[in-house]
Amino acid sequence: MKVEFAPLNTPLARRLQRVAVLQWVVTFILIALVCTGVMVLLIVYNYWYIYIPYLIWLYFDWQTPEQGGRRSNWVKNWTVWRHFKDYFPLHLNKTQDLDPRQNYIFGFHPHGIFATGAFGNFCINYSDFKKQFPDFTPYLHSLVCFFKVPFCREYVMSMGVVPVSKKSISHVLSKDGGGNISIIVLGGARESLEAHPGKYTLYMHKRKGFIKLALTHGASLVPVFSFGENELFKQINNPEGSWLRMVQEKLKKSTGITLPLCYARGIFQNNFGLVPYRKPIYTVVGRPIPVRRTPHPTQEQTDQLHQTYLEELKKLFDEHKGKYGIPEHKTLVFK
């Protein structure tokens with residue numbers, strides 16, 4: 001199968017799409033800092049009639065992110081997200097129907113630099129999610145720190161994003177009636193340091209918390225692979241053992257956030273900038289792995305299901321890689 005770009009109709013459309021993607025990248029990087037700065041300015045200049053009511057409301061609303069959040073269709077329907085989707089473009093492909101009476105965990109791979117496929121396919125109303133999974137509600141789990149910053153938490157929650165915490169995931173999976181999906185980018189921020197074009201390295205050997213949650217709640221596991229995710233940016237070479245990698249690893253340990261030194265193109269030129277390269281992303285949803293509810297899973301049960309998940313993930317990658325231009329000799333590397 002030959003991968004082709006979707007046609008762009010006009011120069012204006014191309015510019016709008018590049019601007020849409022750039023604003024998402026900048027927002028992703030700066031939103032917590034900007035929101036913190038806004039709150040500081042409100043306090044410094046004593047706009048008490050704004051920050052006092054907000055802080056009181058925040059006190060009573062503090063647990064909302066871990067209780068399913070508060071999504072807004074108005075925000076999810078912003079026109080900028082249509083341009084965002086069309087820029088790459090983004091595609092969502094399912095391999096099998098899911099039972100709406102059950103809850104699921106989608107393990108999303110790879111992380112890439114910004115987990116673009118996870119956001120674009122599961123957080124905005126211009127994706128094909130509702131068309132392919134009409135009876136389901138997706139919850140994308142992200143860094144807990146976003147939900148501790150005033151104002152930032154409101155914007156993030158409006159997109160249907162919730163914390164990647166045990167309490168938050170358990171809340172989604174324990175909802176009665178089924179039809180809920182926890183989407184977890186399992187490689188985490190550390191995996192972004194491996195996000196080089198043509199590389200398929202996943203941090204999975206120590207990622208077993210999602211397995212225990214699946215067993216505890218009887219939620220089926222579904223591997224999801226996003227082909228093209230690692231092609232959106234180039235990253236300065238940072239092999240393990242290099243001084244750059246050591247600095248990045250120390251930053252990760254101290255703050256929980258990684259800093260991949262990446263670059264791509266600009267709005268008006270192709271040589272350098274923060275606008276991702278225009279590469280198609282195909283997010284493929286694999287077959288569900290049935291999980292029997294086990295309130296107190298043993299280590300043996302956890303390890304066995306973890307191994308099954310890795311095998312299904314590798315099978316998903318191998319079955320579809322040829323369709324999306326990946327050489328036959330390429331394979332997943334688990335760390």
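Source: prediction; values computed, not measured.
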(message) Looking only at the side chains, is there a donor atom on one of S226 and H109 sitting less than 3.5 Å from an acceptor on the other?
(response) no
(message) Could you check whether any side-chain heavy atom of F129 comes within less than 4.5 Å of a side-chain heavy atom of I181, counting everything from C-beta outward?
(response) yes
(message) Between R245 and E194, does the salt bridge (charged side-chain N to carboxylate O under 4.0 Å, His left out) criterion hold? Intermediate values first, please.
(response) CA-CA 10 Å; R245 187 59 166 265; E194 299 285 352; 2.6 Å; yes
(message) In the structure I gave you, are the side-chain heavy atoms of I105 and S220 within less than 4.5 Å of one another anywhere?
(response) no
(request) Scan side-chain atoms only and decide if K167 and Q67 contain a donor-acceptor pair under the 3.5 Å cut-off. (result) no
(message) On a heavy-atom basis, which atom in I169 and which in I184 lie closest, and how many Å separate them?
(response) CD1-CD1, 3.6 Å
(request) Please confirm whether K94 makes a cation-pi placement over F133, using NZ or CZ under 6.0 Å from the six-membered ring centre and within 45° of the ring normal. (result) yes
(request) Could you tell me whether the side chain of N73 reaches within less than 4.5 Å of the side chain of N125, counting heavy atoms only? (result) yes
(request) Indicate whether any N or O donor in one side chain lies under 3.5 Å from an N or O acceptor in the other, for H320 and N93. (result) no
(message) Check the orientation of F210 and Y309. Use parallel for under 30°, tilted for 30 to 60°, and perpendicular for over 60°.
(response) perpendicular
(message) Looking at every heavy atom in both H171 and G68, which two are closest together, and how far apart are they?
(response) CD2-N, 3.5 Å
(message) Testing Y324, Y282, F227, F334 one by one against F317 for a ring pair (Phe, Tyr, Trp, His ring centres under 6.0 Å), which residue passes?
(response) F227
(message) With a sphere of 6.0 Å drawn around NZ of K335, does it hold more than 12 non-hydrogen atoms of other residues, nucleotides or ligands?
(response) yes
(request) Measure from the side-chain N and O atoms of S158 to the backbone N and O of Y155, and report whether any donor-acceptor pair falls under 3.5 Å. (result) yes
(request) Quick one: pull up CG in L221 and CG in L313 and give me the separation to the nearest 0.5 Å. (result) 11.0 Å
(message) Keeping Q96 on the side-chain end and P288 on the backbone end, is there a donor-acceptor pair under 3.5 Å?
(response) no
(request) Find out whether the Lys NZ or Arg CZ of R71 is both under 6.0 angstrom from the six-membered ring centre of Y139 and within 45° of the ring's axis. (result) yes
(message) Can you tell me if K148 has over 12 outside heavy atoms packed within less than 6.0 Å of its NZ?
(response) no
(message) Less than 4.5 Å apart, side chain to side chain, heavy atoms only: is that true for L202 and V333?
(response) no
(request) Indicate yes or no: at least one non-hydrogen side-chain atom of L232 is less than 4.5 angstrom from one of R278. (result) no
(request) For Q17 and H83, indicate whether the former's side chain and the latter's backbone hold a donor-acceptor pair under 3.5 Å. (result) no
(request) Decide salt bridge (charged side-chain N to carboxylate O under 4.0 Å, His left out) for E312 and K315; before the verdict, give the C-alpha distance in whole Å, the side-chain angles of both, and the deciding distance to 0.1 Å. (result) CA-CA 5 Å; E312 285 297 316; K315 189 183 300 182; 3.4 Å; yes
(request) To the nearest 0.5 Å, tell me how far T64 OG1 sits from E154 CD. (result) 8.5 Å
(request) Please say whether more than 12 non-hydrogen atoms of neighbouring residues, nucleotides or ligands are located less than 6.0 Å from CD in E311. (result) yes
(request) Check the angle between the aromatic planes of F119 and F84 and answer parallel, tilted or perpendicular using the 30° and 60° thresholds. (result) perpendicular
(message) Between E319 and R287, does any NZ, NE, NH1 or NH2 come within less than 4.0 Å of an OD or OE carboxylate oxygen?
(response) yes
(request) Kindly check if the number of other-residue, nucleotide or ligand heavy atoms within 6.0 Å of NZ (K208) is above 12? (result) yes
(request) Check for a donor-acceptor pair, side chain of S127 on one end and backbone N or O of N121 on the other, with a separation under 3.5 Å. (result) yes
(message) Which label fits F114 and F233: parallel for a plane angle under 30°, tilted from 30 to 60°, or perpendicular past 60°?
(response) perpendicular
(request) Indicate the ring-plane relationship of Y54 and W57, choosing parallel, tilted or perpendicular according to the 30° and 60° boundaries. (result) tilted
(request) Measure the CG-CG distance between L259 and L193 for me, rounded to the nearest 0.5 Å. (result) 9.0 Å
(message) Heavy-atom count check: over 12 atoms from other residues, nucleotides or ligands less than 6.0 Å from Q299 CD?
(response) yes
(request) Indicate yes or no: at least one non-hydrogen side-chain atom of P260 is less than 4.5 angstrom from one of T258. (result) yes
(message) Nearest 0.5 angstrom please: S72 OG to M159 CE, how far?
(response) 9.0 Å
(message) I'd like to know whether CH2 of W48 has more than 12 heavy-atom contacts from other residues, nucleotides or ligands below 6.0 angstrom.
(response) no
(message) If you count heavy atoms of other groups shown closer than 6.0 angstrom to CG of D176, is the number above 12?
(response) no
(message) Looking at Y47, I want to see if its OH is surrounded by more than 12 non-hydrogen atoms of other residues, nucleotides or ligands under 6.0 Å.
(response) no
(message) Please check this pair: side chain of N103 against backbone of K175, looking for a donor-acceptor N/O pair closer than 3.5 Å.
(response) yes
(request) Could you verify whether a donor N or O on one side chain and an acceptor N or O on the other, from D303 and Q307, lie under 3.5 Å apart? (result) no
(message) Nearest 0.5 Å, please: how far is CG in L332 from OG1 in T201?
(response) 9.0 Å
(request) Could you tell me whether the side chains of S165 and E66 share a donor-acceptor contact shorter than 3.5 Å? (result) yes
(request) Rounded to the nearest 0.5 Å, what's the gap from NE2 on H217 to OG on S182? Could you check? (result) 9.0 Å
(request) Could you tell me which non-hydrogen atom of N230 sits nearest to which non-hydrogen atom of A195, and how far apart they are? (result) OD1-CB, 3.6 Å
